[in-house]
There are 2 protein chains.
Amino acid sequence: MATPKDDPSPARRLTPRGTQRRRQIIDLATMRFASDGYHPTSVADIVDGLGVGKGVFYWYFESKEALFEEILREAQKDLRRGQQRAVANTPDPIDRMERGIRAAVHWSFEHRDLAKLVEFAQTDERFAHLVRNGRAALVADAVPLLEEAMVHGLIPPGNPEQLGYAMLGVSTNLTLVYVHQPGQDPDAIADVAADFCLRGIGAR
Amino acid sequence: MATPKDDPSPARRLTPRGTQRRRQIIDLATMRFASDGYHPTSVADIVDGLGVGKGVFYWYFESKEALFEEILREAQKDLRRGQQRAVANTPDPIDRMERGIRAAVHWSFEHRDLAKLVEFAQTDERFAHLVRNGRAALVADAVPLLEEAMVHGLIPPGNPEQLGYAMLGVSTNLTLVYVHQPGQDPDAIADVAADFCLRGIGAR
DNA sequence: CCTCTCGTTGACCGCTCGGTCAAGACTCCG
DNA sequence: CGGAGTCTTGACCGAGCGGTCAACGAGAGG
């Protein structure tokens, strides 16, 4: 039989070969989705690009939509992990935010495809809630830092959630614009973003 | 004959009734594109929603793509006009930027559908260049103001283009997040955006 | 050798898409 | 009235979509 007995999504047992195939699909789909768009990229495009039959796709994923959701979730988780790694062992809240911003800019430069997919997902009702949750998580990481900085008088009082979204907008937009211009140094963009944000919240 | 002799796009002579129909199509399409997405909204959805035959659509527009491009262009032109009206007769560059930011936030609140379409267009290669041009025009408006402010020592030196995109990111992202939460006051969001941006560039 | 599961094939399905077009209705002018 | 635009109809087209499935390898364990 071709179709798996249970849902394909949870707890599929994959051989090393299967795991590899799955990754191939995710990687190629990410590229195609980013360069051509989610809707214009068909499942046939993906499997043809891999030189395999169509059934392979549906052996590893329930649907095109489910694949995209997995890519999205993975991407947002990866960015957040990167941020948390970057701020580890940094007690000062302002320093933590600066490192977080820099980590976000660098992540977007290293994963421009994924960054673009997140941008798209935000505009499609089917996926927007995932992005909202991911963004909210990032802001939720920043809120206690902002509150701490306010209590200690490092920055003037304000609505920490709004400030968080403002900072997110700065790094997102700066990256989006400069990531596709050749010869742009991620460090330079990270400098600008961090400077602007820290001044924006009233530190510096 | 049904198809027009020349290209339908340039210089179609429309009766008042025709002009009205055209607007109906644009307005309904804008709503549907914003709520369901560009690709998932079919031409059939639009004409059915209007209760007319399919040929009507192609009497007024060359293609679905051309319609979307027109909506986009119109939207970006409208925002820019709103900004220019808001800053008229304001000599001080910092004041001008503040008014421009506030105008942008208000425009997005009043035209949430259009704002959403611009967001999407940015992620589709077919339309991205239009958005890039529109964004670049907004930034180009801000650059001389930033330069003037730097020359006069109102703000510290920096790359004005990058600062422009950072400001754009703040208003875009703040608006995007709060425009869909009920009971949000556009003035309050405009306050936050203007504050953050002016501090971000080093005024205040 | 057989067997069991994982992995793969590609023809096929129903459906919807963007777009076309011959035919006809409406409207205004002479 | 007649005729010339403007506008509308809706059946139709070829193409492509996401998704299914019976059948078939491939390789590991017995």
Side-chain angles (χ1 to χ4, degrees), chain A residues 1-26 28-29 32-33 36-71 124-127, chain B residues 1-26 28-29 32-33 36-71 124-127:
Chain A
M1 198 187 295
T3 22
K5 285 120 171 109
D6 304 323
D7 269 321
S9 19
R12 289 293 305 278
R13 285 222 308 274
L14 299 177
T15 64
R17 185 185 164 206
T19 311
Q20 205 175 332
R21 213 8 135 227
R22 202 165 188 281
R23 260 256 77 81
Q24 284 182 359
I25 296 175
I26 290 181
L28 183 62
R32 290 276 201 276
F33 286 159
D36 303 336
Y38 170 75
H39 291 291
T41 300
S42 67
V43 175
D45 286 338
I46 296 168
V47 294
D48 286 357
L50 249 39
V52 300
K54 208 174 197 180
V56 170
F57 184 94
Y58 290 96
W59 177 259
Y60 295 101
F61 300 96
E62 258 185 350
S63 65
K64 187 187 168 190
E65 198 173 322
L67 163 63
F68 189 73
E69 283 178 6
E70 178 169 336
I71 292 174
D124 190 305
E125 272 317 315
R126 266 209 231 65
F127 308 117
Chain B
M1 197 187 294
T3 21
K5 283 116 173 116
D6 304 321
D7 267 320
S9 19
R12 287 294 307 280
R13 287 222 307 276
L14 299 177
T15 64
R17 185 182 161 207
T19 311
Q20 205 176 333
R21 217 4 139 228
R22 202 166 188 280
R23 260 259 77 81
Q24 284 181 357
I25 296 175
I26 292 181
L28 183 62
R32 289 276 202 276
F33 286 159
D36 303 336
Y38 170 75
H39 291 291
T41 300
S42 67
V43 175
D45 287 337
I46 296 168
V47 293
D48 286 357
L50 250 38
V52 299
K54 209 174 197 181
V56 169
F57 183 95
Y58 290 96
W59 177 260
Y60 294 101
F61 299 97
E62 257 185 351
S63 65
K64 185 187 170 190
E65 198 173 322
L67 163 63
F68 188 73
E69 283 179 7
E70 178 169 335
I71 293 174
D124 190 305
E125 274 316 315
R126 269 209 231 65
F127 309 116

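Per chain, numbering begins at 1; letters A, B, ... match sequence-line order.
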Undergrad: Does the plane of the ring in B:Y38 sit parallel, tilted or perpendicular to the ring in B:F127? Use 30° and 60° as the thresholds.
TA: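 The rings of B:Y38 and B:F127 stand perpendicular, inter-plane angle above 60°.
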Undergrad: Tabulated below should be each protein N or O lying under 3.5 Å from an N or O of nucleotides 10-13 of chain D; please produce it.
TA:
from   : atom 1 : to    : atom 2 : distance (Å)
D:dG10 : N7     : B:K54 : N      : 3.3
D:dG10 : O6     : B:G55 : N      : 3.0

Undergrad: Between C:dG19 atom C1' and B:D45 atom CG, what is the distance in whole Å?
TA: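 Value for this atom pair: 15 Å.
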Undergrad: Which is more 5' along DNA chain D, the nucleotide nearest A:A44 or the one nearest A:R17? Just name the residue.
TA: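 Taking each residue's closest nucleotide, the earlier one in sequence belongs to A:A44.
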Undergrad: If you count heavy atoms of other groups shown closer than 6.0 angstrom to CD of B:Q20, is the number above 12?
TA: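 Count not over threshold, so no.
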Undergrad: Measure from the side-chain heavy atoms of A:T15 and tell me the nearest of C:dG7, D:dT8, D:dG19.
TA: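 The nucleotide sitting nearest to the side chain is C:dG7.
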Undergrad: Measure OH/A:Y38 against P/D:dG18 and give the value in whole Å, please.
TA: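 Computing the A:Y38:OH to D:dG18:P distance gives 8 Å.
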Undergrad: Are the side chain of B:D48 and the backbone of B:D45 linked by a donor-acceptor contact shorter than 3.5 Å?
TA: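 No, the answer is negative, given that no donor and acceptor are paired below the 3.5 Å cut-off.
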Undergrad: Heavy atoms from C-beta onward define the side chain here; which of D:dC17, C:dG7, D:dT8 lies closest to that of A:W59?
TA: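 Selected nucleotide: C:dG7.
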Undergrad: Which of the following nucleotides, D:dG18, D:dC7, C:dC17, is nearest to the side chain of A:V43?
TA: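 Nearest to the side-chain atoms of A:V43, counting from C-beta on, is D:dG18.
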Undergrad: Side chain of A:K64: nearest nucleotide among D:dG18, C:dG7, C:dG19?
TA: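 So the side chain of A:K64 is nearest to D:dG18.
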Undergrad: I'd like to know if the side chain of B:H39 pairs up with that of A:D124 as donor and acceptor (distance under 3.5 Å, no hydrogens or angles considered).
TA: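 B:H39 vs A:D124: no donor-acceptor pair found between side chains.
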Undergrad: Using a 4.0 Å heavy-atom cut-off across all strands, classify A:T41 as base, sugar-phosphate, or nothing.
TA: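 Sugar-phosphate contact only.
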Undergrad: Is B:K64 salt-bridged to B:E69, going by a charged N under 4.0 Å from an acidic O?
TA: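 Judged by the 4.0 Å cut-off on N to carboxylate O distance, B:K64 and B:E69 do not form a salt bridge.
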Undergrad: Between B:H39 (NE2) and D:dG16 (C1'), how many Å, whole number?
TA: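 Those two atoms, NE2 and C1', are 14 Å apart.
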Undergrad: Decide yes or no for B:Y58 and B:V43: does some side-chain heavy atom of the first lie under 4.5 Å from some side-chain heavy atom of the second?
TA: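 The answer is yes; the side chains approach within 4.5 Å.
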Undergrad: Closest approach to the side chain of B:Y60, judged atom by atom: which nucleotide of D:dT8, C:dG18, D:dG19 is it?
TA: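 Minimum distance to the B:Y60 side chain belongs to D:dT8.
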Undergrad: Less than 4.5 Å apart, any side-chain heavy atom of B:V56 and any of B:R21?
TA: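 Of all side-chain heavy-atom pairs linking B:R21 with B:V56, at least one is under 4.5 Å.
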Undergrad: Rounded to the nearest angstrom, tell me the gap between atom CD in A:E62 and atom P in D:dG18.
TA: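 Distance, rounded to whole Å: 16 Å.
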